[in-house]
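We use all heavy atoms of the structure for the numbers below, so side chains are in, but hydrogens, waters and symmetry mates are not. Computed from a predicted structure; not experimentally measured.
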Amino acid sequence: MTEFKLPELGENIDQGDLVRLMISPGATITQGQAVMELETDKAVVEVPSTVSGVVKEIRVKEGEKIKVGQVIFTFENGAGGVARAPSPAEEPKAQQAAAAASSGKASSVESPAQTTATVVQRERRITSSPTAGPTEFKLPELGENISQGDLVRLMISPGIKVSEGQPVMELETDKAVIEVPSSISGIIKEVHVKQGDKIKVGDVIFTLEGAAAPQTERPKHVPVERVTGQQGARLAFQAAIQAEGKTEEQALPRDQPQPLPPSFTMPAQLEKVAGAERGAPIPAAPHVRRLAREIGIDIHNVKATGPGGRISEHDVKTHSKALLASVTAAAQAPRGAQFAEPELPDFTKWGKVERVSIRGVRRKTAEHLWQAWTTVPHVTQNDKADITELEHLRARFAPKAEEAGGKMTVTAIALKVCSSALKIFPQFNASIDLAKDEIVYKQYINIGVAVDTDRGLLVPVIRDVDKKNIVELAAELTQLSKKAREKKLTLAEMEGGTFTITNLGGIGGTGFSPIVNYPEVAILGLSRSSMEPVWLNGKFEPRLVLPVSLSYDHRLIDGADAARFLRWIAEAFEQPFLLSVQG
């Protein structure tokens with residue numbers, strides 16, 4: 001049987017919720033056939049099969065959260081990687097390859113991890129059965145939210161023998177350089193990557209010949225990199241001190257770690273590490289333990305990334321940097337940010353409840369809006385626009401918009417009004433970069449429009465709004481809104497916005513405070529227009545009035561500028577001729 005794993009779905013997308021399965025055990029699938037629908041943060045996508053064959057077993061179910069590289073189903077009799085049994089003529093060759101692999105006669109290159117393991121026991125016996133044909137080793141899961149890394153160093157080459165647990169390469173992820181061990185044994189036939197490559201989870205690293213099946217008998221001597229827990233820690237500790245020619249008493253000084261400076265307070269949550277036993281030997285070389293003592297780090301709390309759970313100098317330094325960063329962030333953060341969200345009461349005490357997972361669009365919306373609200377100091381400015389004359393023009397030109405496949409809505413007109421205003425007030429078409437003490441002024445105008453869907457709020461982006469007329473904008477807005485509601489909107493169609501418009505007029509309300517769509521600096525809200533008495537020419541007249549609301553980032557935009565910007569928009573609604581004169 002062969003496994004089909006979830007492939008890469010796009011940049012920065014490493015998981016999704018399984019909405020619908022399109023296959024079942026026993027079904028025949030072909031390459032390119034859609035096998036499931038997956039809901040990512042912003043869109044529902046169909047995932048096609050990259051193989052052909054008969055589905056044997058399905059490893060996932062609808063509603064489950066699936067990560068890139070996770071096995072979706074197994075199949076047989078398919079193209080692309082199904083192992084076949086050796087023919088009678090090939091069996092002697094397979095047996096010879098297995099014998100060569102088990103006897104260790106193939107050439108090998110020792111890594112530093114192997115050198116350390118030699119002190120304990122280098123030779124071992126493995127009872128295994130050879131598999132026919134080459135076997136692929138793919139990059140395994142590296143940890144939560146880690147889907148790829150840069151290949152820093154290869155420790156293998158074609159023709160050498162590798163054993164299970166042996167480090168085969170160093171991979172640099174976003175936060176650390178880690179050694180990746182092999183999960184299979186055999187002789188390397190071909191290496192499919194090179195140093196400097198960006199490798200994703202599930203990518204084929206190398207192929208093996210004479211690969212051995214999992215061992216059926218526990219080896220008499222267990223290498224350091226093959227054990228975990230207290231036994232692995234002790235073996236690694238013994239190997240390290242023997243390499244330095246010391247005894248255990250010499251390697252375990254009785255002095256206490258140096259005290260931390262008085263101004264440094266270690267966060268309580270970083271003091272506890274699951275499974276750490278203060279009395280157990282630490283799997284780290286003496287010079288690593290000495291470094292931890294010198295900088296005031298309790299080595300029991302350091303997370304190991306080396307083979308067999310060994311702690312390296314890099315691990316100690318990384319732990320120290322994390323402590324300092326957390327303390328600095330806690331000191332600089334606003335007072336409210338230091339407190340966790342309060343725990344909810346037990347609602348079942350008062351009646352029946354139902355818990356539903358936050359999925360897809362709703363989860364991403366919650367994360368993004370929380371980031372925007374906690375990052376941007378919001379201020380909302382309100383005004384009103386008399387759109388009586390504009391409404392007559394809208395009704396007059398509506399047929400032209402319909403001929404182009406759109407609707408002449410207030411939102412479509414607002415797109416053109418805002419694009420003209422952004423040219424006159426460029427600070428509203430910018431982003432603020434406090435890390436570099438810079439303001440980023442965009443030389444393009446891409447406006448997002450919030451669309452209400454059954455899955456939550458989506459914001460498709462219309463590009464180069466200033467280069468299109470209102471009829472063209474109406475047609476494009478209609479098409480994007482339809483795609484959003486039909487779950488056909490792509491990620492590319494929701495990126496690159498410089499300003500946002502949200503219109504709740506179709507639902508109701510007299511005003512609201514929209515949240516800035518960070519990293520943008522402003523958002524315009526439109527509410528329901530209504531007939532109001534307006535004092536004109538010495539008397540009250542019934543006029544159609546549109547409430548408009550502008551929320552903005554007060555770090556970059558002053559209140560006076562916001563008032564001028566919103567008044568310009570209101571006057572452009574009231575006197576459309578301004579678009580031709582000033583826009």
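Between I29 and S49, the closest heavy-atom pair is CD1-OG, 3.7 Å. Closest of all the heavy-atom pairs between L524 and V548 is CD1-CB, 4.4 Å. Considering all non-hydrogen atoms of both residues, L415 and V465 come closest at O-CG1, 3.4 Å. Of all heavy-atom pairs spanning G69 and V201, the tightest one is CA-CG1, 4.1 Å. Minimum heavy-atom separation, I199 to M169: CD1-SD, 4.4 Å. Of all heavy-atom pairs between F137 and S182, the closest is CE1-CA, 3.9 Å.
Not a single donor-acceptor pair under 3.5 Å links the side chain of T28 to the backbone N or O of V54. H554 places no side-chain N or O within donor-acceptor distance of the main-chain N or O of Y552, the cut-off being under 3.5 Å. Remark: the backbone N or O of T135 is not paired with any side-chain donor or acceptor of T207 at under 3.5 angstrom. A donor-acceptor pair under 3.5 Å is absent between the side-chain atoms of E367 and the main chain of K364, judged by distance alone. A donor-acceptor contact shorter than 3.5 Å is absent between the side chain of T375 and the backbone of A372. Looking only at distances, a side-chain donor or acceptor of T453 sits under 3.5 Å from a matching main-chain atom of G456. A donor-acceptor distance shorter than 3.5 angstrom exists from the side chain of T74 to the backbone of E57, with no hydrogens or angles considered. The closest donor-acceptor contact from the side chain of E170 to the backbone of L151 lies at 3.5 Å or more, if one exists at all.
The side-chain heavy atoms of F428 and I557, taken from C-beta on, include a pair separated by under 4.5 Å. Counting heavy atoms from C-beta outward, W350 and P345 have side chains that approach closer than 4.5 Å. Between D553 and P377 the shortest side-chain heavy-atom distance falls below 4.5 Å. Taking the side chain as every heavy atom from C-beta outward, P158 and V191 approach each other to under 4.5 Å. Contact of the Q70 side chain with the R59 side chain is not registered, since no non-hydrogen atoms from C-beta on lie closer than 4.5 Å. Residues P547 and L526 form no side-chain contact, since every pair of their non-hydrogen atoms from C-beta on lies 4.5 Å or further apart. Between H192 and I205, every side-chain heavy-atom pair lies at or beyond the 4.5 Å cut-off. Residues I23 and I58 form a side-chain contact, since some pair of their non-hydrogen atoms from C-beta on lies under 4.5 Å apart.
Applying the side-chain hydrogen bond (donor to acceptor under 3.5 Å, both in side chains) test to K189 and every residue at least two apart in sequence or in another chain returns nothing. Partners of E402 according to the salt bridge (charged side-chain N to carboxylate O under 4.0 Å, His left out) rule, which considers only residues two or more places apart in sequence or in another chain, do not exist here. A search for salt bridge (charged side-chain N to carboxylate O under 4.0 Å, His left out) contacts involving D315 returns nothing, not counting sequence neighbours. By the side-chain hydrogen bond (donor to acceptor under 3.5 Å, both in side chains) test, T409 is found to be paired with no residue, residues two or more places apart in sequence or in another chain being considered. In terms of the side-chain hydrogen bond (donor to acceptor under 3.5 Å, both in side chains) criterion, residue partners of T498 (sequence neighbours excluded) are, by chain and number, N429. With sequence neighbours left out, the side-chain contact (heavy atoms from CB on, under 4.5 Å) criterion links Q479 to no other residue. E476 meets the salt bridge (charged side-chain N to carboxylate O under 4.0 Å, His left out) test with K468; sequence neighbours excluded. Annotation: ring-ring contact (aromatic ring centres under 6.0 Å, His included) contacts of W370 (sequence neighbours excluded): none.
Note on ring orientation: taking the six-membered ring where Trp is involved, the planes of W373 and H378 are tilted (angle from 30° to 60°).
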side-chain contact (heavy atoms from CB on, under 4.5 Å) between L458 and M494, worked out: CA-CA 8 Å; L458 298 178; M494 292 184 282; 4.3 Å; yes
Apply the test side-chain contact (heavy atoms from CB on, under 4.5 Å) to residues V51 and T2: give CA-CA distance (whole Å), side-chain angles for both, the deciding distance (0.1 Å), then the verdict. CA-CA 10 Å; V51 293; T2 303; 5.9 Å; no
Given the rule in the side-chain contact (heavy atoms from CB on, under 4.5 Å) test, do V471 and F397 qualify, once you have shown the distances and angles that lead to the verdict? CA-CA 9 Å; V471 173; F397 290 99; 5.9 Å; no
Is there a side-chain contact (heavy atoms from CB on, under 4.5 Å) between I447 and I462? Walk through the geometry before answering. CA-CA 5 Å; I447 300 180; I462 298 178; 5.6 Å; no
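Residue pairs meeting the side-chain hydrogen bond (donor to acceptor under 3.5 Å, both in side chains) criterion with at least one partner in residues 438-450, sequence neighbours excluded, are S431-K442. Listed by first and then second residue, the salt bridge (Lys or Arg N to Asp or Glu O under 4.0 Å) pairs involving residues 195-206 are D150-K198, K194-D197 (not counting sequence neighbours).
Of the options E37, E46, E39, a side-chain hydrogen bond (donor to acceptor under 3.5 Å, both in side chains) to R20 is made by E37 and by none of the others.
Atom CG of residue L154 and atom CD of residue Q195 lie 5.5 Å apart, to the nearest 0.5 angstrom. One distance of note links CD of Q381 with CZ of F565; it measures 11.5 Å at 0.5 Å rounding. Here NE2 of H314 is found 7.5 Å from NZ of K321. Values are rounded to the nearest 0.5 Å. With rounding to the nearest 0.5 angstrom, the CD1 atom of I387 is 4.5 Å from the CG atom of L546. For the atom pair CD of Q15 and CG of L6, the computed distance is 10.5 Å after rounding to the nearest 0.5 Å. How far CD of E391 is from OG of S529: 6.5 Å, rounded to the nearest 0.5 Å.
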Report, one line per pair, each donor and acceptor closer than 3.5 Å where one atom sits in a side chain of residues 501-521; sequence neighbours left out.
residue	atom	partner	partner atom	Å
N503	OD1	G505	N	2.7
N503	ND2	T411	OG1	2.9
S513	OG	T380	OG1	3.4
N517	OD1	H368	NE2	2.6
N517	ND2	T500	OG1	3.4
E520	OE1	T500	N	3.3
E520	OE1	T500	OG1	2.7
E520	OE2	T500	OG1	3.4

Can you give each donor-acceptor pair under 3.5 Å made by side-chain atoms of residues 481-489, sequence neighbours left out, with the distance rounded to 0.1 Å?
residue	atom	partner	partner atom	Å
S481	OG	L477	O	2.8
K483	NZ	E493	OE1	3.2
K483	NZ	E493	OE2	2.6

